[in-house]
Amino acid sequence: MTAAVNPLVGRRAVPIFSSSTLRQVMNGEVPRQAEGLLLSMARERIIPSGITRHEALEILDGVLRKTYRNEHVYKSTIVNKILLGRHTLRTATLVNEFSVGNSCVDTVIINGEATAYEIKTELDSSAKLTKQISDYRKVFRKINVVVHESMVDNYSELVAGTDVGLLALTSKHRLSVKKVAKSNTSSLDVTTMMKALRKKEYTEVLIRHFGRSPSVPSTQHFSQCLDMALSIDPVIYQRHFEDALRARKPREPSLALDTPCHPLRYVYLQLDPARSHYERIDRWLRGTVD
């Protein structure tokens, strides 16, 4: 069976696209699991022997999209079609795996405002969605659920009558809007927003708003910051919250865009490599599978 139709190939390829693979390359290490998988697939003639790793990843990304649509496929599409298709890295910021309370939103894009994208693949359950949306509403004004087009009817029922949007991943690898997300500020919660930020970020929020931050021992810093933050209207604090996330810019945005391997763009933006790391990744991608 060929790579184009065998779903087991897609499942096997998943680790090759993981952040841990690129992190090993960035650190000058050999990503042994990814290398072993590529060599094995070349021996099995799933991919041609002697092609570059970049070319191999492009082939395997196509296999994933057809046979095993995991989060990699969705995140890659969101980055390439929304972050880089509608916006630019000069005006928009990407945050992946952002913790909110006991939940973790898959992708956040901050342009004029922050929009949360919760991915539900065909491999996922919808059981936690209601709780996740409840958490996300405490920090984001707009929320989209992203599903495969075959799952639209099921998720349409779950988001019906709410402000939550629904996007469908199509067979042409596009994102089709099935329900437009509407802005909702009624559930914004300052405590949850502050806890979702880094110490430096929530401190700078207070400096921007009040012109100062608490001058107290480090053990009291969080509680004193929270006391000050709670005096800010939640809608105003949320604007500061979005500004803090917007400031999480990649160190080398042009290099992320110049990568020869588009399926890895979102991983680059997640790991935020330095220039020397990009050079290592580039050498690895240009190396051959043989």
Side-chain angles (χ1 to χ4, degrees), residues 3-4 6-80 83-84 89 94-99 104-108 117 119 121 123-124 169 173 248 250-290:
N6 189 345
L8 295 178
V9 174
R11 186 177 299 179
R12 287 172 61 194
V14 169
I16 300 172
F17 294 91
S18 70
S19 58
S20 62
T21 293
L22 277 196
R23 190 176 287 111
Q24 289 174 61
V25 176
M26 286 166 51
N27 294 334
E29 303 168 8
V30 176
R32 298 192 183 281
Q33 183 181 19
E35 290 282 11
L37 287 168
L38 290 171
L39 289 172
S40 175
M41 290 178 182
R43 285 195 297 268
E44 296 168 32
R45 298 184 179 180
I46 293 169
I47 57 175
S49 180
I51 63 173
T52 65
R53 296 184 185 93
H54 158 219
E55 292 169 325
L57 265 62
E58 292 282 0
I59 292 172
L60 294 174
D61 178 70
V63 175
L64 281 170
R65 290 179 179 277
K66 291 179 180 178
T67 68
Y68 195 75
R69 289 176 288 270
N70 67 336
E71 281 193 5
H72 156 78
V73 172
Y74 288 78
K75 288 181 177 179
S76 180
T77 303
I78 290 170
V79 165
N80 287 306
L83 178 69
L84 303 177
L89 289 179
L94 173 77
V95 179
N96 273 317
E97 304 297 331
F98 185 72
S99 294
C104 183
V105 62
D106 294 299
T107 300
V108 180
Y117 295 86
I119 296 166
T121 75
L123 310 171
D124 293 330
L169 178 68
H173 318 311
R248 296 188 185 186
R251 287 179 287 186
E252 301 285 353
S254 63
L255 295 182
L257 294 177
D258 290 342
T259 173
C261 193
H262 287 190
L264 291 180
R265 276 177 165 175
Y266 89 87
V267 187
Y268 280 12
L269 293 170
Q270 178 180 346
L271 296 177
D272 193 20
R275 182 172 291 271
S276 60
H277 294 148
Y278 273 110
E279 292 170 354
R280 288 175 180 169
I281 296 169
D282 187 62
R283 286 195 297 271
W284 182 73
L285 287 173
R286 293 180 189 281
T288 56
V289 181
D290 50 26

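Note that the numbering runs from 1 along the sequence shown for the chain.
A donor-acceptor pair under 3.5 Å is formed between the side chain of Asp272 and the backbone N or O of Arg251. Checked by atom type and distance alone, the side chain of Thr67 pairs as donor or acceptor with a backbone atom of Val63 at under 3.5 Å.
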Original post:
For Tyr68 and Val73, what are the C-alpha separation, side-chain angles and deciding distance, and is it a side chain to side chain contact (heavy atoms under 4.5 Å, CB included)?
Top reply: CA-CA 9 Å; Tyr68 195 75; Val73 172; over 6 Å; no
Subject >> side chain to side chain contact (heavy atoms under 4.5 Å, CB included) evaluation trace for Val79 with Leu84 >> reply: CA-CA 6 Å; Val79 165; Leu84 303 177; 4.0 Å; yes
Subject >> side chain to side chain contact (heavy atoms under 4.5 Å, CB included) between Leu89 and Leu269, intermediate numbers included >> reply: CA-CA 10 Å; Leu89 289 179; Leu269 293 170; 4.0 Å; yes
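Across all their heavy atoms, Gln24 and Val30 have their closest contact at OE1-O, 3.4 Å. For Val25 against Pro31, the heavy-atom pair with the smallest separation is CG2-CG, 3.7 Å. Among all heavy-atom pairs drawn from Ala42 and Ser49, the shortest one is CB-CA, 4.3 Å. Between Ala274 and Glu252 the shortest heavy-atom distance is C-CG, 4.4 Å.
Put simply, SG on Cys261 and NE2 on His54 are 5.0 Å apart, with the number rounded to the nearest 0.5 Å. The NE2 atom of His262 sits 13.0 Å away from atom CG of Leu57, with the distance rounded to the nearest 0.5 Å. We find the CZ-CD1 distance between Arg69 and Ile119 to be 14.0 Å, quoted to the nearest 0.5 Å. Atom-to-atom distance recorded for Leu38:CG and Thr288:OG1 is 11.0 Å, nearest 0.5 angstrom. Separation of atoms NE2 (His277) and CG (Asn27) is listed at 6.0 Å; rounding is to 0.5 Å.
Side-chain contact between Tyr117 and Asp106: absent, with no pair of heavy atoms (C-beta onward) separated by less than 4.5 Å. The shortest side-chain heavy-atom distance between Leu60 and Phe17 falls under the 4.5 Å cut-off. Considering only heavy atoms from C-beta on, Leu39 comes within 4.5 Å of Val289 through its side chain. Counting heavy atoms from C-beta outward, Pro250 and Leu255 have side chains that stay 4.5 Å or more apart. Under the 4.5 Å side-chain criterion, counting only non-hydrogen atoms from C-beta, Leu285 is not in contact with Thr52. Inter-residue side-chain proximity for Glu44 and Val9 is flagged as unmet; no heavy-atom pair is nearer than 4.5 Å. A 4.5 Å side-chain heavy-atom check between Ser18 and Gln33 finds every atom pair outside the cut-off.
Shown are Leu271, Leu22, Thr21; of these, the side chain to side chain contact (heavy atoms under 4.5 Å, CB included) with Ile281 is made only by Leu22. For the pairing with Ile47, the side chain to side chain contact (heavy atoms under 4.5 Å, CB included) check across Arg53, Glu55, Glu58, Met41 returns one residue only, Met41.
Asp61 and His72 are linked by a side-chain donor-acceptor pair at a separation below 3.5 angstrom, with hydrogens and angles left out of the test. In the model, Glu35 has a side-chain atom that pairs as donor or acceptor with a side-chain atom of Trp284 under 3.5 Å.
Scored by the ring pair (Phe, Tyr, Trp, His ring centres under 6.0 Å) test, Tyr278 finds Tyr268 as partners (sequence neighbours excluded). In this structure Gln270 satisfies the side-chain contact (heavy atoms from CB on, under 4.5 Å) test together with Ser19, Asn96, Tyr266, sequence neighbours excluded.
Within a 6.0 Å radius of CZ in Arg65, other residues, nucleotides and ligands contribute more than 12 heavy atoms.
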